[in-house]
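A, B, ... follow the sequence lines: proteins, then strands. Residue 1 opens every chain.
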There are 2 protein chains.
Amino acid sequence: MQLTTKGRYAVTAMLDLASNDSTRPVTLDMISQRQNISLSYLEQLFAKLRKASLVKSIRGPGGGYLLNVDPVDVTLTEIIEAVDENIDLRRCHGSKNCLRGKQCLSHHLWCEVSDQIRGFLSSRNLQQVMDDYYTNQDIKVKLTV
Amino acid sequence: MQLTTKGRYAVTAMLDLASNDSTRPVTLDMISQRQNISLSYLEQLFAKLRKASLVKSIRGPGGGYLLNVDPVDVTLTEIIEAVDENIDLRRCHGSKNCLRGKQCLSHHLWCEVSDQIRGFLSSRNLQQVMDDYYTNQDIKVKLTV
DNA sequence: TTATACTTGACTATTTTACTTGGTTACTAG
DNA sequence: CTAGTAACCAAGTAAAATAGTCAAGTATAA
């Protein structure tokens, strides 16, 4: 994998962008304050998110970042892989030579687990996670799931 | 989490134990050679597996380790958590105070992901993984799934 | 033209993982 | 009984990944 702070921060930051009705760009400074994430760390993450075309940037005063995609069209896997490399538990990373040229006792297992996690994260898009959040905050909004 | 080499090694070692028909104890030295894992690292892992009552040890010449449970009764979650702490992606680890005392935008999400992974790993026992392995090695054995 | 805000790259600190070393203790085969 | 085997234990180290910092830029809107 790994699924760690880096991926979580990326998803959180994207959620922040998606929440703030995005006609106006959002500065990293705002996200940093709202989500309690180090500004300089956000800079690194957004460089990667931009390379992955998930966000676009506007420079200068009044500038900031905007989503470059519809929240319905971004899966969590895309976000996480954009900053986090890959979701792959296999020691051999697919080459099947984990144990002296052969595949190890648990090779197939780790393939399955990786697929499961990736599958789950791919089945969720930004919009759904936002909806989930507001549902769980007891701000009952009628959802069209 | 994390799902990393440590957890993989533990599962692999348990699979090795389960494969070797376990009337005779298996030495860590044997597992180390067969699975290509450092002996001293195995010692650390087996200390934890023993504390979790997943294996039992026999000292002295002819000694070694034996499974302390039926392979059908050990889930992968049990093994991994025995050496790896916990499978929990949440920053707050459940206290729901991830963001200034409140739960963060993606709190519910990480609960779900953690549950998914844990659920999957809990649905698999040692025996199944062994069977899987031999199936995928083209040693076609009739399985009762 | 100046303040704002993104961009970059290198650098540091911390944590975790993986592994090593050097023992001690329990046991048993001979 | 004793010598050797193998578990057990405690530190410490190495390497990698994660998390975060710093400083010097560049583009742009007001």
Side-chain angles (χ1 to χ4, degrees), chain A residues 1-13 17 24-33 35-52 54-68 80 82-89 91 93 98, chain B residues 1-13 17 20 24-33 35-68 80 82-89 91 93 98:
Chain A
M1 302 246 244
Q2 329 282 11
L3 279 180
T4 170
T5 313
K6 204 196 287 185
R8 282 206 301 266
Y9 281 177
V11 172
T12 302
L17 276 192
R24 312 199 66 82
V26 179
T27 68
L28 292 189
D29 195 46
M30 283 312 298
I31 299 179
S32 166
Q33 287 177 36
Q35 308 303 334
N36 206 27
I37 303 173
S38 133
L39 172 60
S40 341
Y41 200 39
L42 276 178
E43 286 173 354
Q44 283 181 48
L45 299 181
F46 271 79
K48 294 182 179 182
L49 293 175
R50 205 174 118 271
K51 272 175 201 144
L54 295 177
V55 298
K56 60 188 164 196
S57 63
I58 297 171
R59 292 176 147 209
Y65 284 93
L66 287 170
L67 279 189
N68 195 33
I80 292 170
V83 298
D84 227 1
E85 278 63 281
N86 50 4
I87 297 174
D88 184 359
L89 298 175
R91 185 186 203 178
H93 297 297
C98 351
Chain B
M1 288 250 250
Q2 328 284 12
L3 280 180
T4 170
T5 312
K6 204 197 285 183
R8 283 205 301 264
Y9 280 177
V11 171
T12 301
L17 276 192
N20 277 64
R24 312 199 68 80
V26 178
T27 67
L28 291 190
D29 196 46
M30 283 313 298
I31 299 179
S32 166
Q33 289 176 35
Q35 308 303 335
N36 206 29
I37 303 173
S38 130
L39 172 61
S40 343
Y41 199 40
L42 276 177
E43 283 176 355
Q44 285 180 43
L45 299 181
F46 271 79
K48 294 183 178 180
L49 293 174
R50 204 173 118 269
K51 271 172 201 146
S53 304
L54 295 178
V55 298
K56 60 189 165 195
S57 62
I58 297 170
R59 291 178 147 208
Y65 284 94
L66 289 169
L67 278 189
N68 196 32
I80 292 170
V83 297
D84 226 3
E85 280 60 284
N86 49 3
I87 297 175
D88 184 357
L89 298 175
R91 186 186 202 178
H93 298 297
C98 351

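Contact of the Phe46(A) side chain with the Ile31(A) side chain is registered, since non-hydrogen atoms from C-beta on lie closer than 4.5 Å.
In this model, the phosphate group of dC8(D) is approached by a side-chain N or O of Arg50(B) to a distance below 4.0 Å at OP1 or OP2. Contact check, Thr27(B) against dT5(D): no side-chain N or O comes under 4.0 Å of OP1 or OP2. Proximity of Tyr9(A) to the phosphate of dT18(D): no side-chain N or O atom is located under 4.0 Å from OP1 or OP2. Put simply, Thr4(B) has a side-chain N or O that comes within less than 4.0 Å of OP1 or OP2 on dA18(C). Between Ser57(B) and dA6(D), a side-chain N or O to OP1/OP2 separation shorter than 4.0 Å is absent.
If you take CG of Leu39(A) and P of dA23(D), they are 14 Å apart, rounded to a whole angstrom. Atom NZ of Lys51(A) is separated from atom P of dT7(C) by 10 Å (rounded to the nearest Å). In this structure, Arg8(A) atom CZ and dT18(D) atom C1' are separated by 12 Å, rounded to whole Å. The distance from atom CD of Gln33(A) to atom P of dA5(C) is 12 Å, rounded to the nearest whole Å. For the pair Tyr41(B) OH and dC9(D) C1', the computed distance is 17 Å after rounding to whole Å. One can place CG of Leu28(A) at 13 Å from C1' of dT4(C), the figure rounded to the nearest angstrom. For Met30(B) and dT5(D), the CE to P distance is 15 Å, given to the nearest whole Å. The CZ atom of Phe46(B) sits 10 Å away from the P atom of dC8(D) (whole-angstrom rounding).
Note that CG of Leu66(B) is 10.5 Å distant from CG of Asn20(B), once rounded to the nearest 0.5 Å. Atom CD in Gln35(A) sits 12.0 Å away from atom CG in Leu28(A) (nearest 0.5 Å).
Within the 3.5 Å criterion, the main-chain N or O of Arg8(A) finds a donor-acceptor partner in the side chain of Thr12(A).
Residues from residues 58-65 of chain A with heavy atoms under 4.0 angstrom of DNA chain C, sorted by number: Ile58(A), Arg59(A), Gly60(A), Pro61(A), Gly62(A), Gly63(A), Gly64(A), Tyr65(A).
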Audit row: Lys6(A), Tyr41(A), side-chain contact (heavy atoms from CB on, under 4.5 Å) steps and yes/no: CA-CA 9 Å; Lys6(A) 204 196 287 185; Tyr41(A) 200 39; 3.6 Å; yes
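Contact annotation: side chain of Gln44(B) to base of dT20(C), donor-acceptor pair present below 3.5 Å. The base of dC9(D) is paired with the side chain of Glu43(B) by a donor and an acceptor separated by under 3.5 Å.
Evaluation of the side-chain contact (heavy atoms from CB on, under 4.5 Å) rule for Arg50(A) yields Val55(A), Ser57(A), Tyr65(A) as partners, not counting sequence neighbours.
Within the nucleic acid shown, Ser40(B) comes within 4.0 Å of at least one base atom, counting heavy atoms only.
The nearest pair of heavy atoms linking Leu42(B) to Ala13(B) is CD2-CB, 4.2 Å.
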